[in-house]
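Worksheet for the structure shown next.
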Amino acid sequence: MTLTLPAVAKLNLFLHITGRRPDGYHNLQTLFQLLDVGDELHFTPRHDNILTLQCNDPALQGPDNLIMKAGLLLQQHTGCQLGCNIVLDKKLPMGGGLGGGSSDAATTLLALNVLWQLKLSNQQLAALALQLGADVPLFVRGYSAFAEGVGEKLVPVTLPEKTYLVVTPPCHISTAEIFQHPDLIRDSRVLSLDTLFNSPWRNDCQPLVEQLQPIVAITLQWLVEYAPCRMTGTGASVFAEFPDTTSAQHALANLPVNCRGFIAKGVNQSPVMAALADTEFYA
């Protein structure tokens, strides 16, 4: 039997970089908003230890995909001798700062933990997830959160479930390139959560990305005509909050040529949690 689960997107409602660590990573303060839109994964367990991955984008089927790395990590950590055939229906844009790859990996950890009856706690899975990437624990935890450290220190928050228009211009941003760039803002003050919630929200990566990829700046100039907007993560996707779906659809109907866009609702708990709880595989 096949288990089908979502892998949702996230937005960084704000992103402050507060310093560079000795290991080369950066300390952050960010607010993660989960969305109700994302990729979809299908898991069919195997009785041998082979992992396979198929995708509607064949370029994503290699061993470097975080889905494959997540499955292998779980096998190695637990000694599990079972496998899985995994099919990824990729819907989120690549290199957009929406966390798609990290979310795919997290959903894989959650699904295989159930299918292989490993009975690892969510806390154990989140610790493993950090080995795959700083954003992966967020999606394993499955709630919107305020994050510090490299993004792994998560505090659950309850946010108004608003409507967002997410727009991705035709460019690909390398997260590594942005965080290694000498012009990146790295000296934002560490602030309390209360102060951050009551201050104007910004993304410290945005000025640099606008400089390196002018199409991002142009897209923001278009979107701000409809609503205040910002970039998410290291880009290239940008987003704006709308009072309702109708007003968001009006902006989406006028999307610039070559841009991709979708409307999503903010959610406080990832739909993957409800989907897992409803499945007959879940114990």
Side-chain angles (χ1 to χ4, degrees), residues 5-18 25-39 41 66 70 92 97-111 113-114 119-164 166 188-205 230-234 237 239 241 264-279 282:
L5 293 173
V8 299
K10 60 83 178 169
L11 297 175
N12 297 86
L13 297 186
F14 60 75
L15 174 57
H16 298 180
I17 303 171
T18 59
Y25 287 92
H26 290 75
N27 286 317
L28 313 172
Q29 289 191 303
T30 189
L31 184 60
F32 286 120
Q33 169 70 76
L34 297 183
L35 302 179
D36 65 351
V37 169
D39 298 336
L41 291 104
L66 280 179
L92 295 173
L98 298 170
S102 295
S103 189
D104 293 340
T107 291
T108 300
L109 291 174
L110 291 164
N113 185 49
V114 170
K119 302 190 186 305
L120 296 180
S121 68
N122 189 271
Q123 184 175 350
Q124 290 172 307
L125 285 176
L128 278 178
L130 187 57
Q131 298 181 41
L132 298 167
D135 284 352
V136 186
L138 168 77
F139 297 104
V140 169
R141 293 293 195 183
Y143 48 69
S144 290
F146 171 62
E148 295 184 289
V150 297
E152 87 288 4
K153 297 177 183 176
L154 301 170
V155 177
V157 293
T158 299
L159 300 170
E161 298 193 342
K162 297 182 177 179
T163 299
Y164 296 94
V166 182
S188 286
R189 289 174 53 215
V190 176
L191 300 171
S192 70
L193 184 54
D194 283 345
T195 301
L196 288 164
F197 263 97
N198 290 288
S199 303
W201 289 356
R202 69 176 192 274
N203 182 334
D204 283 345
C205 298
R230 290 180 299 287
M231 191 179 75
T232 180
T234 55
S237 295
F239 66 94
E241 174 194 315
K265 287 277 190 182
V267 292
N268 286 306
Q269 185 175 56
S270 171
V272 74
M273 298 308 175
L276 272 175
D278 287 343
T279 179
Y282 194 74

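In what follows, residues are counted from 1 in the order of the sequence shown.
When atom types are taken as modelled, the side chain of S103 and the backbone of V8 share a donor-acceptor pair closer than 3.5 angstrom. No side-chain donor-acceptor contact under 3.5 Å links N27 to the backbone of E148. Looking only at distances, no side-chain donor or acceptor of N268 sits under 3.5 Å from a matching main-chain atom of S144. With T163 contributing its side chain and K265 its backbone, the two residues share no donor-acceptor pair below 3.5 Å. A donor-acceptor pair under 3.5 Å links the side-chain atoms of N113 to the main chain of L120, judged by distance alone. Looking at S199, its side chain does come within 3.5 Å of a backbone N or O of T195 through a donor-acceptor pair. Side-chain N or O atoms of S237 include none that pairs as donor or acceptor with a backbone N or O of G97 at under 3.5 Å.
The shortest heavy-atom contact between P137 and A129 is N-CB, 3.8 Å. Across D104 and A7, no two heavy atoms sit closer than the pair OD1-CB, 3.3 Å. For the residue pair A105 and L132, the shortest heavy atom distance occurs at CB-CD1, 4.3 Å. Across all their heavy atoms, Q33 and P160 have their closest contact at OE1-O, 4.1 Å. Listed here is the closest heavy atom pair of G233 and C205: O-CB, 3.8 Å. Residues V272 and P6 approach most closely at CG2-O, 3.6 Å, considering heavy atoms.
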Quiz prompt | Trace of the side chain to side chain contact (heavy atoms under 4.5 Å, CB included) decision for L110 with L125 | solution = CA-CA 8 Å; L110 291 164; L125 285 176; 3.9 Å; yes

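Here side-chain hydrogen bond (donor to acceptor under 3.5 Å, both in side chains) pairs that include residues 124-137, with residues two or more places apart or in two chains, are S121-Q124. Judged as a salt bridge (charged side-chain N to carboxylate O under 4.0 Å, His left out), the pairs with a partner in residues 152-163 (not counting sequence neighbours) are, in order, K162-E241.
Annotation: the span from W201 atom CH2 to L15 atom CG amounts to 13.0 Å, rounded to 0.5 Å. Once rounded to the nearest 0.5 Å, the distance linking CG of L35 with CG of L98 reads 7.5 Å. Interatomic distance, R230 CZ to N12 CG, rounded to the nearest 0.5 Å: 10.0 Å. To the nearest 0.5 Å, the span separating CG on L191 from CZ on F197 amounts to 13.0 Å. Interatomic distance, OG1 of T234 versus CG of D204, reported as 13.0 Å (0.5 Å rounding). The CG atom of L154 lies 10.5 Å from the OG1 atom of T30; values are rounded to the nearest 0.5 Å.
Contact check for L31 versus L196: no side-chain heavy atoms found under the 4.5 Å cut-off. Between L138 and L34, the closest side-chain pair of non-hydrogen atoms falls below 4.5 Å. Within the 4.5 Å cutoff, the side chain of K10 has no heavy atoms near those of the S102 side chain. Side-chain contact between F139 and F32 is absent, with no heavy atoms from C-beta onward closer than 4.5 Å. Using a 4.5 Å cut-off on side-chain heavy atoms (C-beta onward), V166 and T232 make no contact. At a threshold of 4.5 Å between non-hydrogen side-chain atoms, the residues Y164 and V37 do not count as touching.
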